[in-house]
Amino acid sequence: MDFLLQFIDIILHLDKHLAQLAVQYGPWIYAILFAIIFCETGLVVTPFLPGDSLLFVAGGLAATGNMDIHLLVFLLFCAAVLGDNLNYWIGRLIGPRVFRWENSRLFNRAAFDKTHAYFEHHGGKTIIIARFLPIVRTFAPFVAGVAKMDWHRFLPLDILGGAVWIGSLTYAGYFFANIPFVRSNLSVFILGIIGISLLPVVLAWLKSRGKPA
């Protein structure tokens, strides 16, 4: 419970925590943010890491002069693409064996199944759409690998999705996060970003409940 409360506090006060990390670690803040985005997109065991809200807040922090916004966007774009490709190749190497896995602390089979169904329905464009869907974002490249999607088709879609995702949210934070009204209600905006990004997943879940098993 303490860990959960601490995690929620970090999510809701990302601006303060990132500012503290920037002061404490200096240029290493780039590496910290790189690692978070890389793990959030590259490892199916870490879908809980902040993504959309982190990008927005990091952009806002860059606007205060703690980081170079263009370097930040480039590095996080690289992290997102490299993470997705690691996830893809892990799925590709594991192959059909993943369908025998059950829920565990390291793998959420239900989340995988929902992502697989979403992938089957929307095809290749899922790679782009998934960038803006928490949890689905983490599982989509893994599912693409398991399904043996052609890598030469996967890569350009992944690059495009990564560029739009990283660029839009990070630059949005850079231009808007430090507006006085936004700044004074940043926790509300973070919750709003999380809520909007989760909305398609919630709607899909509600829709699936109305269908026969």
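- Ala172 pairs by the side-chain contact (heavy atoms from CB on, under 4.5 Å) definition with Phe56, Phe176, not counting sequence neighbours.
- Annotation for Ile90 and Gly42: closest pair CD1-O, 4.3 Å, computed over non-hydrogen atoms.
- Checked against ring-ring contact (aromatic ring centres under 6.0 Å, His included), Phe154 has the following partners two or more places apart in sequence or in another chain: Tyr88.
- In this structure, the separation between CG on Leu61 and CD1 on Ile29 is 7.0 Å, given to the nearest 0.5 Å.
- Counting only residues at least two apart or in different chains, salt bridge (Lys or Arg N to Asp or Glu O under 4.0 Å) contacts with residues 162-181 are absent.
- Under the 4.5 Å side-chain heavy-atom criterion for Ile, Leu, Val, Met, Phe, Trp and Tyr, Val23 and Leu54 are members of distinct hydrophobic clusters.
- For the pair Cys39 and Thr46, the tightest heavy-atom approach, listed with the atom from each and the gap, is O-OG1, 2.6 Å.
- Counting heavy atoms from C-beta on, the side chains of Leu86 and Phe38 come closer than 4.5 Å.
- Here the shortest heavy-atom pairing between Ala63 and Asn178 reads CB-ND2, 3.3 Å.
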Can I get a per-line list of side-chain donor-acceptor pairs under 3.5 Å for residues 127-136, giving both atom names and the distance, sequence neighbours left out?
unit_1, atom_1, unit_2, atom_2, d
Arg131, NH2, Ala80, O, 3.2
Arg131, NH2, Asp84, OD2, 3.2
Arg131, NH2, Asp158, OD1, 2.7

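- Leu55 pairs by the side-chain contact (heavy atoms from CB on, under 4.5 Å) definition with Ile37, Leu76, Trp165, Ile166, Leu169, Thr170, not counting sequence neighbours.
- Sorted by first and then second residue, the side-chain hydrogen bond (donor to acceptor under 3.5 Å, both in side chains) pairs with a member in residues 26-44 read Glu40-Arg137; sequence neighbours excluded.
- When all heavy atoms of Leu18 and Val57 are compared, the closest pair comes out as CD1-CG1, 3.7 Å.
- Residues satisfying the side chain to side chain donor-acceptor pair (under 3.5 Å) criterion with Trp151, sequence neighbours excluded, are Asn85.
- Arg92 places no side-chain N or O within 3.5 Å of a backbone atom of Asn87 that could act as its donor or acceptor partner.
- Sorted by first and then second residue, the side-chain hydrogen bond (donor to acceptor under 3.5 Å, both in side chains) pairs with a member in residues 57-72 read Thr64-Asn66, His70-Tyr171; sequence neighbours excluded.
- Atom CZ in Phe77 sits 9.0 Å away from atom CG in Leu82 (nearest 0.5 Å).
- Met67 places a side-chain heavy atom less than 4.5 Å from the side chain of Leu33.
- To the nearest 0.5 Å, the span separating CZ on Phe34 from CG on Leu72 amounts to 12.0 Å.
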